[in-house]
Amino acid sequence: MSNLKRVDHDDYKFLRIVDAIASINQKINLIGVITEIGISKQSRGPDCCCTIKIVDESNASSGISINFFAENFEKLPHVESAGDIIQLVRVVVKRHQSGVNVLFDKKFSSFALYEGREGSNFVPYQVSSKFHARDLDKKFIAGLRKWTVSRQPETASSDSLSLKDIKQGHQFNLICKVLHVCEVKDGEWMLFVWDGTDAPPVNIHKKLDEELENPLPLQLEPTPLSRKVLCKFPAVGTVLRMTNDKCNEKLGLHLLKAGKWVQFRNIDFEVRYGLWCGILLSKSKFSFLPNDDDYALQCQRTNDERVKSKWDRQPTTCFPRPSKIIDTDYQDVPFVTLMDILTYPEVIAKFRCVVRVVATLPAHPRDFQAPCGTYRLRLTLEDPTARIHAYIYAEDGVKFFGGYPSIDKMVKMHNALLGVEETDDADSNEKARNPPWVECCLNSYNIDESDVWGSIRYRIFATTLIG
DNA sequence: TTGGGG
């Protein structure tokens, strides 16, 4: 009887991480606080895998990595937040080059995941198939939760970029909120992330005379997001697209939940069609942050302040004010963002906003009027939140161009609007454009009564290009 | 088996 009890007790022992490191090739039990969660991916074998890093009192700084394998993504641990607790039963300690890590063997290992917050219940939010809860679990979980409270929180933000400081290059870290996740093609995912700041505007290299055949896109996803999805996005701050299209491995990106704050590590940034794009690689990692993470709360608070303020919706990179090349009526009407416009609850409305004109159709001012003399052209507008097409028709064109200027004057005005440098060089079509921030008045309307939202259009009015 | 730290 006493012998049985003893065996049971030994079997139940949790090793401290320092002791685990010395137990190469042994089957042990571990319990720890999760500090990092790798992106789940398809292994080169038949399984899915992911790596999680844990710490405990004996090894609070470096911790130890656990490699999980499972037949499918669903069977891998789905950690809700860094700081949660994982209990590991019968895992194997492995030596690897200079380090030691732990293998979760799907044949005999098991795990349970618990919230890390002190005072939470002792019911695991996920268990593996072979896991058996025991009464004693509570004691270890409570102990770790108590230790976490006393622990200095790590300043995860120190080596992370903010979207306002985004730059092209390799291997950056980014703390952001995941707004939306969708599969755009088989195995190709797009994430929509946000941190409340405005990404800097970039030069547009796309040739204007391609605008009819191959226009500058309004977004990077092949199918535009529905209005319903956009309505859940914040009105202010850049929505960054992230893709795994350069990654040869199949990542479990469907596990990223919208609404979560995440720290991404080792991601690249590129500009595509003048839009910032985050590139997820197989070496990229991410960790879910707790909902009350300091950096996340600070981003949210800064955004709340900006949204409340009457005049702070103009892009932060537009300082101190939009270019004087455009003047609008209604100077006392506060600016809104293009995301405000895209998600406005009524179809017919008027707005004033600060935008850059990134393309025009037609490409050349000589074609801005129809043969009958009526102005009709399309502008592609952008701000940090979105891009839209906006049309200039008839009398709004007369107002916009101040009548019918000579073609030379029109070319000058067009170049100023698009941010094309004036040179003697004839082919301005070849040059990169850096459009200035300008204000404009827009109104929205629909062109099909049977599809009110689907046929929404935007027109420029009460706006004059001074040039 | 597969993956694996800085």
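If you're wondering where the values come from, they're calculated on a predicted model, not measured in any experiment. These values consider heavy atoms only, across backbone and side chains, with no hydrogens, waters or symmetry-generated copies. Proteins come first, then strands; the chains are lettered A, B, ... in the order of their sequence lines, and each starts at number 1.
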Whole-Å gap separating [atom2] ([N]) and [atom1] ([X]):
X: A:Ile54; N: B:dG5; atom1: CD1; atom2: C1'; answer: 16 Å
X: A:Lys250; N: B:dG3; atom1: NZ; atom2: P; answer: 16 Å
X: A:Glu71; N: B:dT1; atom1: CD; atom2: P; answer: 14 Å
X: A:Asn266; N: B:dG4; atom1: CG; atom2: P; answer: 12 Å
X: A:Phe104; N: B:dT2; atom1: CZ; atom2: P; answer: 18 Å
X: A:Glu36; N: B:dG3; atom1: CD; atom2: P; answer: 18 Å
X: A:Gln42; N: B:dT1; atom1: CD; atom2: P; answer: 17 Å

Position toward the 5' end of DNA chain B (nearest nucleotide), A:Ser62 or A:Lys107: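 Between the two, 5'-proximity favours A:Lys107.
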Along DNA chain B (nearest heavy atom to each residue), the more 5'-positioned of A:Pro46 and A:Lys94: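 By nearest-heavy-atom nucleotide position, the 5'-most residue is A:Pro46.
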Which nucleotide wins on minimum distance to the side chain of A:His96, given the candidates B:dT2, B:dG3, B:dG4?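 Closest of the options to the side chain of A:His96: B:dG4.
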Among B:dG3, B:dT2, B:dG5, which nucleotide sits nearest the side chain of A:Asn67?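 Nearest to the side-chain atoms of A:Asn67, counting from C-beta on, is B:dG3.
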By ring-ring contact (aromatic ring centres under 6.0 Å, His included), which residues pair with A:Phe351, not counting sequence neighbours?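 A:Tyr344.
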Kindly indicate whether a cation-pi arrangement holds for A:Lys206 with A:Tyr273, taking the cut-offs as under 6.0 Å to the six-membered ring centre and within 45° of the axis.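 No cation-pi geometry.
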Whether A:Arg145 engages the ring of A:Phe122 as a cation-pi pair (distance to the six-membered ring centre under 6.0 angstrom, angle to the ring normal within 45°) should be assessed.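 Yes, a cation-pi geometry.
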Whether A:Ser65 contacts B:dG3 is assessed here as follows: a side-chain N or O lying under 4.0 Å from the phosphate OP1 or OP2. Is that the case?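 Answer no for this pair, as no side-chain N or O of A:Ser65 is under 4.0 Å from OP1 or OP2.
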For a quick test of reading the model: is some side-chain N or O of A:Arg44 closer than 4.0 Å to OP1 or OP2 of B:dT1?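 For B:dT1, neither OP1 nor OP2 has a side-chain N or O of A:Arg44 closer than 4.0 Å.
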Do the ring centers of A:Phe104 and A:Phe69 come within less than 6.0 Å of each other?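 No - the distance between ring centres of A:Phe104 and A:Phe69 does not fall below the 6.0 Å cut-off.
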Classify the ring geometry of A:Phe111 against A:Phe68: parallel below 30°, tilted from 30° to 60°, perpendicular beyond 60°.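 If you compare the ring of A:Phe111 with that of A:Phe68, the planes turn out perpendicular.
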If you look at every strand shown and take non-hydrogen atoms under 4.0 Å, does A:Gln97 touch a base, only sugar-phosphate, or nothing?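 Answer is base: heavy atoms of A:Gln97 come under 4.0 Å of a base.
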Checking all strands, does A:Lys53 fall into the base, sugar-phosphate, or nothing category for heavy-atom contacts under 4.0 angstrom?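 Here A:Lys53 touches the backbone only, sparing every base.
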Would you say the base of B:dT1 and the side-chain of A:Lys106 have a donor-acceptor pair closer than 3.5 Å?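 In this structure, the two groups form a donor-acceptor pair.
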